[in-house]
Each structure stands twice: as C-alpha cells, then as structure tokens.
J.: 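Pasting a structure below so you can have a look.
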Amino acid sequence: MRLVSIADIAAAVRGRRMDLGLSQGDLAARAGVSRKWINEFEAGGKATAELGHVLRVLEALGLAIHTGMIEPEPDGRGIDLDVILDDLRHG
C-alpha cells in the first residue's frame, strides 16, 4: 500500500488496530506511548507526529515502512488511494 500523508498512516494504524481487536489503550501500552497520543494520531490531530512514536506504533502492529523507487502504474493513472483507504476502513 502506498501512503502519502500522516492521515493515510493514521487510517492504516486504526484499521490494523481494529483488525487485531486492540483498544487504543492496548496499542499505547505495546508501543510505549499514551492512549491520548494514539487517539489524537488516529483522529488526524498529529500532523507533525514524532517519527519515533509512529515507528513504535507501526512495529507494535506488525507494520513497516519500506523505502524504494516509486514505479508508475502500467496504465499511467497511478494508484487510487481513496479506494484503498475505504477498503481498510470498511474491511
């Protein structure tokens, strides 16, 4: 999945947390951040979130960020991130 903003990462975190049946408090304890931080991050209130916190949350959920060259889609239209995020939000 290609994420292009903190809001995209927050939506992926929330979706994964819910898939795993974790509360925000459970995730906070696993990642070593506060429940309030998780709540604000998932709600989009952490537009300048500290990278270390984000990485710990991703690790606690079994998610990772991979870097590399972005290859264009074969049809040249790119990826419709809205469709991907809707799928994550609605299972």
Side-chain angles (χ1 to χ4, degrees):
M1 170 189 311
R2 199 166 147 201
L3 305 172
V4 296
S5 71
I6 290 289
D8 296 341
I9 296 171
V13 163
R14 183 175 188 274
R16 177 71 171 158
R17 177 182 62 76
M18 293 177 75
D19 287 347
L20 293 174
L22 297 173
S23 69
Q24 289 181 338
D26 294 335
L27 176 55
R30 286 183 179 196
V33 299
S34 70
R35 189 209 51 81
K36 180 181 177 192
W37 191 93
I38 296 291
N39 180 271
E40 290 174 357
F41 181 73
E42 287 185 357
K46 290 282 186 190
T48 58
E50 183 179 327
L51 182 58
H53 283 29
V54 174
L55 293 174
R56 287 199 313 262
V57 167
L58 293 175
E59 182 178 9
L61 292 170
L63 299 173
I65 295 176
H66 298 276
T67 60
M69 299 299 293
I70 298 173
E71 297 293 328
E73 291 295 304
D75 62 9
R77 294 184 318 184
I79 296 171
D80 188 340
L81 190 57
D82 290 327
V83 170
I84 294 169
L85 290 174
D86 280 344
D87 287 346
L88 279 175
R89 290 182 187 118
H90 304 299

J.: Just to verify, what does Arg16 make a salt bridge (Lys or Arg N to Asp or Glu O under 4.0 Å) with, not counting sequence neighbours?
T.: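 Expected list: none.
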J.: Would you indicate whether Arg17, at its atom CZ, is surrounded by more than 12 heavy atoms from other residues, nucleotides or ligands within a distance under 6.0 Å?
T.: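 Atom CZ in Arg17 is crowded, with more than 12 foreign heavy atoms closer than 6.0 Å.
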J.: Name all residues meeting the side chain to side chain contact (heavy atoms under 4.5 Å, CB included) criterion together with Ala49; count only those two or more places apart in sequence or in a different chain, and write none if there are none.
T.: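 Checked Ala49 against side chain to side chain contact (heavy atoms under 4.5 Å, CB included); matches are Trp37, Phe41, Lys46, Val54.
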J.: Distance-only criterion, 3.5 Å: show the donor-acceptor pairs between side-chain atoms of residues 55-65 and protein atoms not counting sequence neighbours.
T.:
residue	atom	partner	partner atom	Å
Arg56	NE	Ala31	O	3.0
Arg56	NH2	Gly32	O	3.4
Arg56	NH2	His53	ND1	3.4

J.: Could you tell me whether the side chain of Arg35 and the main chain of Ala28 form a donor-acceptor pair under 3.5 Å?
T.: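 Judged by distance alone, no pair lies under 3.5 Å.
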J.: Between Asp26 and Leu20, is the side chain to side chain contact (heavy atoms under 4.5 Å, CB included) condition met? List the steps.
T.: CA-CA 11 Å; Asp26 294 335; Leu20 293 174; over 6 Å; no
